[in-house]
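Since the structure comes first, as structure tokens, the remarks are kept for the end.
Computed over heavy atoms, backbone and side chain alike; hydrogens, waters and symmetry mates excluded.
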Amino acid sequence: MIRSYTLLSLPFGLALLVLGCSTILHAQPKPAGIRPFGLAGNPVLLEVGREKFTQSDIASLYLQNPGRGNRTFYDLGRDTAMQFLNILANYRMKVQAALDAGVDKRPEVMEEITKGLLETALPSSSGDGYLIDRKVIDPAVDRIFKRRDDELRLGVIFLGWSTESPADTLRAFQRGERILALARHGADFLILARDSSDDPKTKTNFGQLPYITSGMILPALEDAAYGTKAGDVYPGLVRVPSGYLVVKVLDRAPRLEVRAAHILVSSPPVADTNIMNNPFHNKAAAGLERIRKGEDFDKVAREISDDKTTIENGGDYQAYYTRSLGFHGKNGRLEPEIEAALFNLKDGEVSDIIKTDYGYHIIKRLESRRPTFEEEKDAIRQFYRGRLISDDRAQYIRGVIEKHGMRINDDVLAKMLSILNRNATAAEGAWANGISDEMRGMTLYSFGGADHTVGSWIDTVKVRPELRALALNPASIRKSIYDLHEREALTLEAKGLETEYPEFATVMKNLRDGVLVGAIENDVLGKKFSQGSDEARGKAYFQANRSRYTTPPKLELTEIFVYGRDEADQLYEDARKGTTPFESLAAQNTQRPDYRGRNGRWSLATAQEADLVREVLQRKPSPKSGEILKPFEFQGGYSVVRVERVEPARQMTYDEAKSMVQKEYLGEYQKQIQKEWLDALRLRYRVDINETALRSLFAAR
């Protein structure tokens, strides 16, 4: 059977230790890459002015196309590939034209590029940005995965203290040191845990925790555990919230993913007095004997297993299992007895009968494997960002601020604190009144080569909303100083990303090119576009395309709406006979809310304005006044409709069609001037598509 629990439900102020790794890692789909296919020698497929693009360049650029779906360049037909090359050529001509015009030197363009760099690189409200991704998250994901080579089983002894009493903290520390000395000198760790731990839940289990792997427990405990050999006691106390830990690594083994199949013969959870006369045990034993004699495990499982979740799969759990993370894609774990038996088997082996509270089990180990980084990296990244990143991010940012010259003058800070009321906050209006002019002129800290005085810091605190309730104690003041320069420090750090990371350089090149193209298009096309959008040109376009602009037909209708088909058919027949006026039938019978008092009348409207008009025109494209339509299903019921009045389509005036004319005319005009500009650029920048290589490329496919 599978127990469904997470580590958060396990013993211990373990709730204090465990980070909650109920998120199971499983393989992520790999992004489509460049197919190992192409022409030998990587020929140049495209030349645009002073730029050349090889086959591999083109394939990589196509992968950056957000509308490609899962296709690569090599999945295209030759005509579509040619179309892409021409689009790319047009874009690169615009970039070169912008560079040749010096657009990249304009202050407003440079400012926009810098803004784009910072938005991409730096943390924002919606994400961490490229800088934190590369400097904090990537190293952490690598570290976690490398540690996940192993899974550990730990023993812990918890020595708690009262957060209200420093003396109690010292007492717990001294007690912990004594217990640690005993453990390191050979005392039985499990007995020590039972007799000494302050956590009642782990005492009963002799301090033993289930298997863990990296990312599942508090970093301080994890660092200690992974720095210790199997069988050894960590040489120091590990500090955790509200206590200290003495830690021993009871077992350390490679983390294997194991797939298994299972047979359960259910039985009451009572002790067996005579195993030979136990029908449940005997049923399981008979099944095991059949398997030992060569019958397929899945066949026996389908015939005798009582586990409804696996019986249809021949007992196969259909998921890989690790002792630390449980089942991939399932929030559950195996019973300890089954787990132990499974990991003592070899691939292909079948267990003896295993007894649990659920009954009698037989396990077959189908296969095992080692997890790969590619399979797990995305899930580790998601888990790390959700649960572990905050301390690492804060530590990295603090390091960056110090790297770029943050130095706090401790003597001046101490003098300032001696005057301030440490129990007050900056929300109190007179909080800084005791600071003299002389002290205001003292340097409180330096950053980035500039000195910042006590006075400048006070003035900043007074105008920054996030600092108005600042606590006037040493830790809060130091933090406020760092916070004031966080963005500035990260900005300085981000400027080196292009040199350090080729991938980021590509991102920034694409951003710059986009800004340049936008600016040059505005220069060249913007003026022409505004000149071409005059009234006279619009009217001329309207006259040339007059037949395209007509008003939609309008209908005025009377409807009888009912919920039954038979009732609708009878009302239609009554209406056709004409013995009762249609409007009277509508007033007496229509069940549409708010329409009975209006005798079922719908005002004159177009199909866009009224759903009923649309339904009528779909059935009668050219309706006539007085015409009655057969009942049709509509809005959860049935409608019988008479056409009262028809206002047919007619030719629109220019004023009526003006908005549509302007949209269509300006769209075509924009295409025209864009084409004229591109034609001129092709005369200026030679475009050469290697059609011979392109034909060979797709012929080879």
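A search for ring-ring contact (aromatic ring centres under 6.0 Å, His included) contacts involving Phe447 returns His485, not counting sequence neighbours. Residues satisfying the salt bridge (charged side-chain N to carboxylate O under 4.0 Å, His left out) criterion with Arg645, sequence neighbours excluded, are Glu556. Residues satisfying the salt bridge (charged side-chain N to carboxylate O under 4.0 Å, His left out) criterion with Lys94, sequence neighbours excluded, are Glu521. Ser639 pairs by the side-chain hydrogen bond (donor to acceptor under 3.5 Å, both in side chains) definition with Glu559, not counting sequence neighbours. In this view, Arg596 satisfies the side-chain hydrogen bond (donor to acceptor under 3.5 Å, both in side chains) rule with no residue, not counting sequence neighbours. Remark: Lys620 pairs with Pro623, Glu627, Leu629 by the side-chain contact (heavy atoms from CB on, under 4.5 Å) rule, at least two apart or across chains. Arg487 is linked by a side-chain hydrogen bond (donor to acceptor under 3.5 Å, both in side chains) to nothing, counting only residues two or more places apart in sequence or in another chain. For the salt bridge (charged side-chain N to carboxylate O under 4.0 Å, His left out) test, no residue two or more places apart in sequence or in another chain qualifies with Arg468. Partners of Asp104 by side-chain hydrogen bond (donor to acceptor under 3.5 Å, both in side chains), not counting sequence neighbours: none found.
Distance check, rounded to the nearest 0.5 Å: CG of Leu525 to CD of Gln670 gives 7.5 Å.
With salt bridges taken as basic N to acidic carboxylate O contacts below 4.0 Å, one links Asp483 and Lys479.
Residues Glu583 and Thr558 bring no donor and acceptor atom of their side chains to less than 3.5 Å of each other.
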Show me the donor-acceptor pairs, under 3.5 Å and distance only, between side chains in residues 111-121 and residues at least two apart or in other chains.
| from | atom 1 | to | atom 2 | distance (Å) |
| --- | --- | --- | --- | --- |
| Thr114 | OG1 | Met110 | O | 3.0 |
| Thr120 | OG1 | Gly116 | O | 2.8 |

All N/O donor-acceptor pairs, side-chain side in residues 510-518, below 3.5 Å, sequence neighbours left out:
| from | atom 1 | to | atom 2 | distance (Å) |
| --- | --- | --- | --- | --- |
| Asn510 | ND2 | Gln64 | OE1 | 2.8 |
| Asn510 | ND2 | Thr506 | O | 3.4 |
| Arg512 | NH1 | Glu498 | OE1 | 3.0 |
| Arg512 | NH2 | Glu498 | OE1 | 3.1 |
| Arg512 | NH2 | Glu498 | OE2 | 2.6 |
| Asp513 | OD2 | Arg92 | NH1 | 2.8 |
| Asp513 | OD2 | Lys509 | NZ | 3.0 |

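The main-chain N or O of Ile87 is never found under 3.5 Å from a side-chain atom of Asn90 such that the two would form a donor-acceptor pair. The backbone N or O of Glu676 sits nowhere less than 3.5 Å from a side-chain atom of Asp679 that would complete a donor-acceptor pair.
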Applying side-chain contact (heavy atoms from CB on, under 4.5 Å), run through Asp128 and Val136 and close with a yes or a no.
CA-CA 10 Å; Asp128 289 307; Val136 178; over 6 Å; no
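When the shell of 6.0 Å around NZ of Lys462 is examined, it contains more than 12 heavy atoms from other residues, nucleotides or ligands.
With Phe504 as the aromatic partner, Arg134 does not meet the cation-pi criteria of under 6.0 angstrom to the ring centre and within 45 degrees of the ring axis.
Residue pairs satisfying the ring-ring contact (aromatic ring centres under 6.0 Å, His included) criterion with at least one member in residues 41-68, sequence neighbours excluded, are listed as follows: Tyr62-Phe84.
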